[in-house]
Amino acid sequence: MRIATFNVNGITSRLPALLRWLEETRPDVACLQELKAPQDKFPEAAINAAGYEAIWHGQKSWNGVAILARGSKPQEVGRGLAGDAEDEQSRYLEAAVDGVLVACLYLPNGNPAPGPKFDYKLQWFERLIARGAELLDSGAPVVLAGDFNVMPTELDVYKPERWTSDALFRPETRDAFHRLLAQGWCDALRTMHPGEKIYTFWDYFRNAYQRDAGLRIDHLLLSPALAGSLRAAGVDRDVRGRDKPSDHAPTWIELDLKNF
DNA sequence: ATGGCGATTATTAATCGA
């Protein structure tokens, strides 16, 4: 089973690039973030025509997440994280696909930091950590996939010293990510490629992609029930180098569930 | 250290992302 995560930065303007990538790589599950489209503007017909069924949680202008499955409808488990009744941002969606619980998440950016946006990021992180504990307690096979807006270590930033005060790399942010991992999650990309420079995002400025000035902020975390099934992981870097690209590249894992 | 690009929304400029 191939599971991918892709921050599309606007599904309306990214639809041709998304469809091309789906056709080329045929993931079994695709988690999308930053739809930047209201609920009724999701291009469901085009997704269906590509062989996928989808559930999504849209929002006008910002955020928005979706889970696509090839040839079957993702069975929704829930949307949104508990712990803040006031939170209206569409950033979290859970679904069951072929016996695997897939959580698609778009963690807040948090800049500028410090400030209210950074506070929101850290609070959102704590709510995710609480949900992570529940999911692990269930013993279910779970993948947490999405744009975490965190570079976990210095290896995950092209120039770490430039990013130490940024919301994506501040000590509080990294600490939260590491507390999440310490619950028992497996960082799939890093596990398959220890010590390697791996980026999933290159900003639009200053030829960042051409200079390989990137960040690793899109992650797939596996529960212990799934970690032993991990066979491969990677980033579809070339997608970032095409016309009209997202600033993120699709990131994926391959699980062997034959003996599951 | 700054500003650069791209998408969206409401009316050609502001906001947001990372």
Side-chain angles (χ1 to χ4, degrees), chain A residues 5-19 21 31-43 46 56-66 87-92 104-122 124-125 128 145-174 176-177 189 197-219 235 237 239-251:
Chain A
T5 180
F6 186 15
N7 179 322
V8 294
N9 188 17
I11 195 163
T12 306
S13 45
R14 206 68 57 223
L15 190 58
L18 172 65
L19 294 174
W21 167 74
C31 296
L32 309 181
Q33 302 87 34
E34 276 208 87
L35 303 180
K36 289 182 162 181
Q39 187 69 11
D40 62 354
K41 291 289 193 285
F42 185 85
W56 64 95
H57 191 192
Q59 181 182 331
K60 189 180 174 184
S61 305
W62 317 118
N63 311 315
V65 287
D87 188 359
E88 309 227 314
Q89 301 190 27
S90 300
R91 296 180 175 276
Y92 189 84
C104 173
L105 64 101
Y106 175 42
L107 207 136
N109 173 308
N111 278 307
K117 292 190 174 183
F118 190 57
D119 295 340
Y120 174 66
K121 176 177 197 161
L122 295 181
W124 203 95
F125 226 137
L128 176 64
D147 177 0
F148 285 69
N149 271 315
V150 183
M151 296 85 87
T153 71
E154 297 203 337
L155 182 58
D156 303 312
V157 200
Y158 66 100
K159 197 172 276 197
E161 66 277 12
R162 281 264 182 97
W163 288 83
T164 48
S165 60
D166 190 278
L168 280 68
F169 200 52
R170 288 175 71 94
E172 304 94 312
T173 307
R174 279 186 274 171
F177 186 82
L189 271 284
K197 183 174 78 173
I198 307 167
Y199 299 143
T200 67
F201 166 92
W202 298 261
D203 86 31
Y204 289 124
F205 314 143
R206 295 170 301 189
N207 292 317
Y209 181 67
Q210 287 74 14
R211 296 187 296 119
D212 200 24
L215 310 172
R216 188 172 76 96
I217 56 178
D218 299 276
H219 306 296
V235 179
R237 279 181 62 109
V239 173
R240 176 63 182 84
R242 296 174 179 173
D243 283 344
K244 296 269 292 174
S246 169
D247 39 7
H248 295 250
T251 305

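Each chain gets a letter, A, B and so on, in the order the sequences are listed, and its residues count up from 1.
Nucleic acid contact for N63(A): none, since no nucleic acid atom lies under 4.0 Å from a heavy atom of the residue. Residue contacts shown for F169(A) are absent, as no nucleic acid heavy atom lies under 4.0 Å away. Nucleic acid contact class of K117(A) (heavy atoms, under 4.0 Å, all strands): sugar-phosphate only. Within 4.0 Å of D147(A), counting heavy atoms only, lie sugar-phosphate atoms of the nucleic acid but no base atom.
Counting only distance, with no hydrogens or angles, the side chain of D247(A) and the backbone of Y204(A) share no donor-acceptor pair below 3.5 Å. Side chain of Q39(A) to main chain of W56(A): a donor-acceptor pair is present (N/O by atom type, distance under 3.5 Å, no hydrogens or angles).
The nearest whole Å value for the distance from the CD atom in E34(A) to the C1' atom in dC5(B) is 14 Å. The distance from atom CG of N111(A) to atom P of dG4(B) is 18 Å, rounded to the nearest whole Å. The separation between N9(A) atom CG and dC16(B) atom C1' is 10 Å, rounded to whole Å. For L35(A) and dG6(B), the CG to P distance is 21 Å, given to the nearest whole Å. At whole-Å resolution of the value, CG in D247(A) and P in dC16(B) are 17 Å apart. To the nearest angstrom, P of dA1(B) lies 12 Å from NZ of K159(A). Between W62(A) atom CH2 and dA14(B) atom C1' the separation is 9 Å, expressed in whole Å. The interatomic distance linking Y106(A) (OH) with dC16(B) (P) rounds to 12 Å, in whole Å.
The heavy-atom pair separating K36(A) from N9(A) by the smallest distance is NZ-OD1, 2.8 Å.
Neither OP1 nor OP2 of dG17(B) sits under 4.0 Å from any side-chain N or O of K121(A). Contact annotation: S13(A) side-chain N/O to dG6(B) OP1/OP2 distance is not under 4.0 Å. For dT9(B), neither phosphate oxygen OP1 nor OP2 lies less than 4.0 angstrom from any side-chain nitrogen or oxygen of K36(A).
The 5' end of DNA chain B is approached more closely, in terms of each residue's nearest nucleotide, by R162(A) than by the other of L168(A) and R162(A). Comparing L107(A) and D203(A) against DNA chain B, the residue whose closest nucleotide sits nearer the 5' end is D203(A).
Between dA10(B) and dA14(B), the two P atoms lie 16 Å apart (nearest whole Å). Comparing the same atom, C1', in dA7(B) and in dT12(B) gives a spacing of 15 Å after rounding to whole Å. Spacing of C1' atoms, dA1(B) relative to dT15(B), comes out at 23 Å, to the nearest Å.
The side chain of F205(A) has dC5(B) as its nearest neighbour among dT9(B), dA7(B), dC5(B). Considering only side-chain atoms of S61(A), the nucleotide from dT8(B), dA7(B), dG17(B) that sits closest is dT8(B).
When each of T5(A), N7(A), D147(A) is paired with Q33(A), the side-chain hydrogen bond (donor to acceptor under 3.5 Å, both in side chains) condition holds for T5(A) and for no other.
Of the inter-residue distances, the one linking H248(A) atom NE2 with D218(A) atom CG reads 5.5 Å to the nearest 0.5 angstrom. Interatomic distance, CG of L215(A) versus OG1 of T200(A), reported as 7.5 Å (0.5 Å rounding).
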